[in-house]
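Notes to accompany the following structure.
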Amino acid sequence: MENISKKDLLWIYRKMKTSRYFEEKMEKVYLEGKQPVFNIGAGPVPGEMHLSNGQEPAAASMIVHLTKNDTVTATHRPHHEAIAKGVDLKKMTAEIYGKKTGLGKGKGGHMHLFDPDVKFSCGGIVGAGIPHAVGAALANKKRGENWVAVAFIGEGAANTGAFHESLNLAALWNLPFIVVIEDNKWGISVAKKNATSVTSNAIRAKAYGIKGYSVKDNDPIEMFKVSKEAVERARKGEGPSIIEIKTYRYLGHFQGDPELYRNKEEVPKLKEKDPIERLKKEMLKENVATVEDFKKMDAEIYKEVDKAYEFAVNSEYPEPEDALEDVFC
Amino acid sequence: MENISKKDLLWIYRKMKTSRYFEEKMEKVYLEGKQPVFNIGAGPVPGEMHLSNGQEPAAASMIVHLTKNDTVTATHRPHHEAIAKGVDLKKMTAEIYGKKTGLGKGKGGHMHLFDPDVKFSCGGIVGAGIPHAVGAALANKKRGENWVAVAFIGEGAANTGAFHESLNLAALWNLPFIVVIEDNKWGISVAKKNATSVTSNAIRAKAYGIKGYSVKDNDPIEMFKVSKEAVERARKGEGPSIIEIKTYRYLGHFQGDPELYRNKEEVPKLKEKDPIERLKKEMLKENVATVEDFKKMDAEIYKEVDKAYEFAVNSEYPEPEDALEDVFC
Amino acid sequence: MKTIKEKTKKLTGSKAMIQALEQEMNRDDSIFVMGEDVGKYGGIFGSTTGLFDKFGGERVMDTPISETGFIGAAVGAAAEGFRPIVELMFVDFHGVVMDQIYNHIAKIHYMSGGAVKLPIVLMTAVGGGYSDAAQHSQTLYASFGHLPGLKVVAPTFPHDIKGMLISAIRDDNPVIFMFHKTLQGLGWMDQIDASLGDVPVNAYTVPLNKANVVRKGKDITIVGVQMMTVEALKAAEELAKKGIEAEVIDLRSIKPIDKETILKSVAKTHHLLVVDEDYLSYGITAEISAIVASEGFGDLNAPIGRLAIQDVPIPYSRVMEKFVIPDSKSIIDSVLKLITV
Amino acid sequence: MKTIKEKTKKLTGSKAMIQALEQEMNRDDSIFVMGEDVGKYGGIFGSTTGLFDKFGGERVMDTPISETGFIGAAVGAAAEGFRPIVELMFVDFHGVVMDQIYNHIAKIHYMSGGAVKLPIVLMTAVGGGYSDAAQHSQTLYASFGHLPGLKVVAPTFPHDIKGMLISAIRDDNPVIFMFHKTLQGLGWMDQIDASLGDVPVNAYTVPLNKANVVRKGKDITIVGVQMMTVEALKAAEELAKKGIEAEVIDLRSIKPIDKETILKSVAKTHHLLVVDEDYLSYGITAEISAIVASEGFGDLNAPIGRLAIQDVPIPYSRVMEKFVIPDSKSIIDSVLKLITV
Ligand SMILES: Cc1ncc(C[n+]2csc(CCOP(=O)(O)OP(=O)(O)O)c2C)c(N)n1
Ligand SMILES: Cc1ncc(C[n+]2csc(CCOP(=O)(O)OP(=O)(O)O)c2C)c(N)n1
Ligand SMILES: [Mg+2]
Ligand SMILES: [Mg+2]
């Protein structure tokens with residue numbers, strides 16, 4: 001922790017905690033209207049819901065190095081990155097509620113959050129966001145800016161053709177591009193070892209002549225360091241990187257996932273090493289922040305998130321006919 | 001050359017020479033009806049024509065290790081492999097002439113040669129044959145046979161998503177699968193260095209935890225040795241391999257290619273090291289065969305190929321309405 | 001189809017699928033299933049539940065997220081004599097593997113002059129209505145129906161789901177088997193009556209190229225498929241109260257289309273409405289309208305009605321999604337417009 | 001379109017494309033071109049010849065054979081304010097990149113509620129007729145036309161090629177720009193008159209949503225696009241000798257379809273034949289038939305005629321390929337059948 005500023009640590013904690021609280025709340029809200037019988041299409045938040053509880057370090061400890069000008073593309077599990085990237089939380093929540101005031105006027109939903117103001121996007125097709133980030137990196141290079149583009153993906157996405165084509169392009173053109181692989185061990189029910197022919201995706205960097213990093217045990221500090229190096233290298237024109245972080249998926253693939261494929265003990269074990277609690281403990285130990293500071297921060301976070309939900313709940317639904325708009329501009 | 005039997009050397013020479021002669025003839029025939037003004041759609045052999053002159057070692061020195069039960073998938077540039085694999089030469093030539101007696105009754109053409117009797121297929125979409133070979137390898141494993149499946153591709157195809165997905169699958173399932181990458185330096189007009197982020201595709205084996213081999217300078221002997229090892233390993237269940245061979249493309253990407261993108265000296269320089277001539281010289285030096293033997297062999301080859309062309313020329317065209325058949329069986 | 005009375009059991013769409021797969025896999029060792037989460041999970045939309053435990057990982061194979069890889073592999077395995085069944089989890093994902101589907105699986109038989117047979121079944125889940133938004137709610141019937149070399153089916157009721165899946169498996173041609181999520185009768189989605197039905201216990205086949213008149217009527221022909229058939233039937237009940245007797249045809253086969261059944265019906269009703277959960281342009285409403293306008297023109301007494309998704313992506317928010325997907329109400333409105341014409 | 005007399009020059013389709021690209025690239029620095037062999041080679045079908053020398057490798061970028069990679073990259077670059085023009089060498093290859101095209105390029109504007117604009121032009125070569133067989137001869141007009149969020153154009157004549165390409169480049173929406181190989185006027189393919197035409201020297205636009213009546217007539221409306229327009233015009237000349245005056249409409253825009261022009265013509269001729277170099281089922285003949293059967297029904301005096309590739313892959317051998325692709329002769333036959341009905 002020596003080399004991390006207090007400011008950065010506090011930022012990382014804040015983002016992780018915001019995401020966590022946002023999602024814990026979402027977990028509850030999502031069940032509204034879906035009880036006693038779960039029906040995916042019912043309630044104020046219908047459709048699939050992929051939460052990222054446990055995976056916060058990947059997002060926060062990378063995005064702390066980014067500015068508004070840097071691009072982030074994310075996946076079907078996008079909230080932790082969206083929050084770290086500074087996506088408008090009210091509009092994001094409203095979008096998830098399908099409201100007119102949402103980022104996409106209710107047209108996108110939780111898997112399709114677009115906030116061009118902070119250069120954030122995500123999508124529901126595994127692997128598809130990688131070339132989008134490559135294109136942003138290409139644009140940055142063309143403009144001669146030192147902005148970078150980061151694609152966040154799951155370890156399952158590293159077996160898609162899009163991954164390979166994108167990495168080759170980024171390396172070939174020496175673009176300011178980074179792919180962060182959140183290795184949560186699972187692609188829905190398929191264990192990484194049943195999907196990926198190598199134990200670490202970091203090694204795949206060799207196939208493109210670029211740098212590969214691996215972060216163990218969901219460690220926000222290690223992730224911070226590795227990301228710092230990768231981002232700095234990208235900004236200096238030293239080319240793309242692959243960063244793999246071994247992370248934890250606390251919840252099912254989506255809400256409602258019966259999770260019959262994994263051992264009941266897996267999650268409780270992971271939770272013992274919760275990265276937010278770990279960081280907090282470290283910060284307390286190193287006197288980066290006091291118990292009081294955390295209380296204050298948490299209160300702020302809860303308030304911010306609660307307000308976003310309030311905004312969403314109180315917003316209007318779109319008119320049915322609005323569906324016909326925005327196909328073309 | 002020590003470790004190669006006379007029989008194998010003769011076989012390799014024969015297949016390489018057959019392919020060369022077949023294609024030299026095709027080069028001429030293809031121009032019939034296309035002079036004085038070249039028109040791709042005219043003449044007895046219309047459409048695109050991708051010839052492999054110079055690339056014969058890749059095919060012959062690998063396929064010498066295969067039997068009828070082993071599968072080969074090839075590309076838009078398939079003749080050298082088809083001939084080495086033992087595809088019926090008459091039917092193949094007739095197919096290229098668009099005749100009823102062709103492998104595909106004239107429906108496929110030069111890029112779409114299918115001979116299930118010897119488990120050969122090819123196709124016009126770059127990269128698409130790789131998963132087909134993976135599927136054949138999977139079938140072999142399921143049956144418990146020690147048969148292997150080999151996908152031949154160009155170095156350009158190693159940047160397709162299909163390559164990555166297929167290699168990961170083959171490695172994951174430990175299949176008897178080999179991909180041979182014919183690195184002829186060009187994907188149409190795009191030089192390898194402008195398309196591929198690494199100098200050797202053999203290194204990409206690391207991304208799948210499999211073995212990668214690289215054969216220098218279009219060497220049929222080295223290709224023989226490396227292929228032997230890879231095939232034996234595959235048969236023993238020791239998993240897939242990538243074999244890259246640096247090979248030569250004497251002609252344009254397709255016939256009619258103006259080739260403005262490459263240096264005029266490139267091809268004459270390559271031709272000085274012609275692999276067929278080189279092998280012949282070696283074989284003479286090592287007393288594997290005499291000048292007389294070669295003469296006799298060549299005469300046999302010419303005759304066989306000439307007969308195939310004759311067969312093709314003398315065969316009937318399909319009826320127009322035959323176009324409506326064979327959509328479904 | 002058998003006419004003797006068979007032993008039947010009430011099954012959901014999902015259970016009908018699983019039964020078809022199980023019976024066929026028992027019958028024929030060369031069948032195996034590949035796909036994402038088809039193993040322990042049993043298929044995200046319940047297409048393979050329990051089969052992994054019964055047949056093991058060799059015959060019910062989970063794959064990486066590599067659709068081009070594993071669906072392309074079906075070609076090689078089929079050419080070697082296997083009968084692979086591959087699942088594309090959502091039809092919406094077809095874009096990452098369409099080349100293998102339409103340039104290879106669909107065309108190799110033809111390009112080889114009949115020499116290569118590819119008995120592949122591609123199962124894929126279609127349909128919206130539960131707020132899964134633009135990349136997870138499509139049917140894309142016509143995207144597949146447009147391309148030569150594929151048989152494309154989309155059964156509605158459990159009886160047809162089982163029978164057509166068995167036909168698909170036994171067919172030596174590639175078949176795209178589309179199952180509608182809402183018609184699977186899954187516990188975690190909308191519960192609708194149509195997703196439960198009598199299914200013969202033994203194996204049987206339902207032809208892959210026949211539409212089915214699911215309600216007789218004399219005033220107008222309504223052609224639908226899957227959920228649109230269900231909605232059309234609902235609409236027909238309402239219309240009957242107004243004295244309009246609609247004949248409802250469950251298309252079942254997207255390619256080839258059973259022209260005869262449709263033309264025969266129109267010859268009787270002289271009115272046609274086609275309803276589709278796919279996009280309007282170049283969709284089912286287009287193809288069926290064209291068939292009738294060219295081959296049954298003289299039988300028509302009124303303009304043909306078309307009801308489909310109005311060329312917009314499927315929106316997430318419930319109010320908007322409900323607005324774009326046709327339902328019994330919009331069907332009734334359309335019929336009334338056509339009939340009063 | 002301007003009515004004042006402009007300076008024009010006779011150009012081939014290819015030269016018209018190149019001129020459009022060059023003029024627009026001079027005008028707007030944010031435009032760049034990516035694709036396989038678009039650099040030194042100048043595009044396999046002559047879409048970019050000379051541009052690499054003029055603009056350099058930064059603005060005319062050769063790519064690896066990674067369609068998902070580089071066409072997907074267009075999304076990111078466009079979102080950042082560039083106006084990427086990407087070339088998919090043959091439309092037949094769309095299957096390796098369809099996900100990026102239809103799930104992202106086409107839908108992101110919508111899914112973002114209009115917040116993200118993607119001014120991307122995807123240029124792609126279509127068409128057969130020179131024995132390039134099943135994987136290199138398709139047009140696939142409807143495969144793109146079916147999907148929401150894309151403007152899809154397929155101009156025939158050099159004038160429209162230049163004007164519509166400029167419109168496409170200036171449009172803030174994604175546009176699929178299909179150019180027909182035979183209409184490029186390339187030295188190494190069939191030489192046909194239609195591939196050469198008067199083209200204004202200065203930049204100009206032709207709308208992306210308007211069909212064009214290219215021959216007036218009163219007896220039947222023939223709708224075609226690209227080579228089918230050319231063949232329809234030829235057929236019309238022959239038919240005129242028999243006393244039948246065909247009105248020929250060059251569709252130009254696959255999506256959206258210019259209904260008004262078609263309906264107006266049918267209101268006059270009372271007969272309709274649609275001709276398509278794409279597959280029959282769910283193709284242009286289907287969509288236009290449906291439009292007329294639903295919105296111009298009362299104007300029709302006879303069944304609608306459909307002429308297209310009969311749902312078979314394009315065969316290699318010349319005799320068979322000629323048989324499956326409609327031409328002036330089969331158009332005449334079809335017209336005669338409809339008119340004598
Ligand atoms: C191309 C494609 N194939 C399949 C899916 C279905 N799917 C959605 S998420 C997912 C698993 C993704 O695993 P991973 O990349 O590890 O991300 P995680 O869910 O673990 O965050 C799958 C298979 C999809 N959305 N897109
Ligand atoms: C998916 C796809 N993209 C592009 C093409 C067009 N194309 C045909 S061959 C070729 C170059 C292939 O290069 P390589 O793999 O090195 O093989 P080579 O031609 O050198 O034998 C290209 C781009 C294609 N057929 N398929
Ligand atoms: Mg994962
Ligand atoms: Mg090459």
Side-chain angles (χ1 to χ4, degrees), chain B residues 69 71 73 91 95 100 102-109 111-117 119 121 123-125 127-143 145 147 149 151 160-170 172-173 175 177 318 322-323 325-329, chain C residues 29-30 32 34 57-59 61-84 86 96-100 102-120 147-151 171-175 208-209 255-256:
Chain B
N69 290 322
T71 297
T73 69
K91 290 191 191 169
E95 184 60 29
K100 202 180 190 133
L103 288 169
K105 304 182 191 163
K107 292 194 161 98
M111 279 191 276
H112 310 288
L113 304 168
F114 297 86
D115 190 347
D117 287 348
K119 299 195 181 176
S121 66
I125 306 296
I130 318 173
H132 302 172
V134 169
L138 175 63
N140 295 340
K141 189 175 177 183
K142 279 186 181 295
R143 275 190 294 235
E145 299 285 2
W147 306 337
T160 63
F163 175 86
H164 180 62
E165 295 190 3
S166 301
L167 268 288
N168 181 59
L169 270 189
L172 180 70
W173 293 340
L175 301 180
F177 167 83
D322 292 351
E325 269 153 43
D326 294 322
V327 181
F328 295 113
C329 53
Chain C
D29 276 351
S30 70
F32 68 99
M34 274 192 284
E58 295 273 307
R59 293 190 68 197
M61 304 174 72
D62 274 333
T63 66
I65 308 169
S66 308
E67 287 85 358
T68 289
F70 80 83
I71 295 177
V75 171
E80 294 286 331
F82 282 86
R83 304 183 80 86
V86 286
V96 300
V97 59
M98 197 55 174
D99 178 62
Q100 288 296 332
Y102 102 101
N103 264 333
H104 306 276
I105 292 176
K107 292 180 185 162
I108 282 176
H109 182 70
Y110 186 82
M111 296 190 298
S112 72
V116 180
K117 284 188 184 138
L118 297 180
I120 297 168
L147 302 165
L150 300 169
K151 297 186 178 181
D171 201 297
D172 278 343
N173 298 290
V175 180
L208 297 177
N209 58 355
K255 178 80 161 278

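The structure displayed is predicted, hence computed values, not measured ones. The chains referred to below are lettered A, B, ... by the order of the sequence lines, with proteins before strands, and numbering in each begins at 1.
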> With a 4.5 angstrom heavy-atom cut-off, which part of B:Leu172 approaches chain C: side chain, backbone, both or neither?
Replying inline: side chain

> Quick one: what part of C:Ala79 sits under 4.5 Å from any heavy atom of chain B, side chain, backbone, both or neither?
Replying inline: neither

>> Which atoms of C:Asp172 are under 4.5 Å from chain B, going by heavy atoms: the side chain, the backbone, both sets, or neither?
In response: both

>> Please rank C:Lys151, C:Glu58, C:Met111 by heavy-atom pairs under 4.5 Å with chain B and give me the top one.
In response: C:Met111

> So what's closer than 4.5 Å to chain B heavy atoms on C:Leu150: side chain, backbone, both or neither?
Replying inline: backbone

> Non-hydrogen atoms of chain C under 4.5 Å away: do they reach the side chain of B:Ala151, the backbone, both or neither?
Replying inline: neither

>> Please determine whether a side-chain nitrogen of the Lys or Arg among B:Asp326 and B:Lys105 lies less than 4.0 Å from a carboxylate oxygen of the Asp or Glu.
In response: yes

>> Please find the pair of heavy atoms, one from C:Phe82 and one from C:Pro119, that lie closest to each other, and give the distance.
In response: O-CG, 3.8 Å

Check residues 130-140 of chain B and write down every donor-acceptor pair under 3.5 Å in which the side-chain atom is one partner and the other belongs to a residue at least two apart or another chain.
residue	atom	partner	partner atom	Å
B:His132	NE2	B:Ala128	O	3.3
B:His132	NE2	C:Gln100	OE1	2.8
B:Asn140	OD1	B:Arg143	NH2	3.4
B:Asn140	ND2	B:Ala136	O	3.4
B:Asn140	ND2	B:Trp147	O	3.1

> Highest number of heavy-atom pairs under 4.5 Å with chain B: which of C:Val116, C:Asp29, C:Asn173, C:Val75?
Replying inline: C:Asn173

> Taking the side chain from B:Glu165 and the backbone from C:Thr68, do they hold a donor-acceptor pair closer than 3.5 Å?
Replying inline: yes

> Who wins among B:Leu167, B:Ile125, B:Leu113, B:Leu103 for the most heavy-atom pairs under 4.5 Å with chain C?
Replying inline: B:Ile125

> What part of C:His104 is in contact with chain B, defined as an atom under 4.5 angstrom from a non-hydrogen atom: side chain, backbone, both or neither?
Replying inline: side chain

> Side chain, backbone, both or neither: which part of C:Phe32 has a non-hydrogen atom closer than 4.5 Å to chain B?
Replying inline: side chain

> Is chain C contacted by the side chain of B:Lys141, its backbone, both, or neither, given a heavy-atom distance below 4.5 Å?
Replying inline: neither

> Backbone N or O of B:Lys107 within a donor-acceptor pair of the B:Glu95 side chain at under 3.5 Å?
Replying inline: yes

> Side chain, backbone, both or neither: which part of C:Lys107 has a heavy atom under 4.5 Å from chain B?
Replying inline: neither

>> To the closest 0.5 Å, what do you measure between CZ (C:Arg83) and CG (C:Asp171)?
In response: 8.0 Å

> Does the side-chain contact (heavy atoms from CB on, under 4.5 Å) test come out yes or no for C:Glu67 and C:Ile65, once each step is laid out?
Replying inline: CA-CA 6 Å; C:Glu67 287 85 358; C:Ile65 308 169; 4.0 Å; yes

>> Has C:Tyr102 got a side-chain atom pairing as donor or acceptor with C:Gly149's backbone, closer than 3.5 angstrom?
In response: no

>> Please identify, among B:Pro116, B:Gly129, B:Ser121, the residue contributing the most non-hydrogen atom pairs under 4.5 Å to chain C.
In response: B:Pro116

> Does the pair B:Asp115/B:Lys91 count as a salt bridge with the N-to-O cut at 4.0 Å?
Replying inline: no

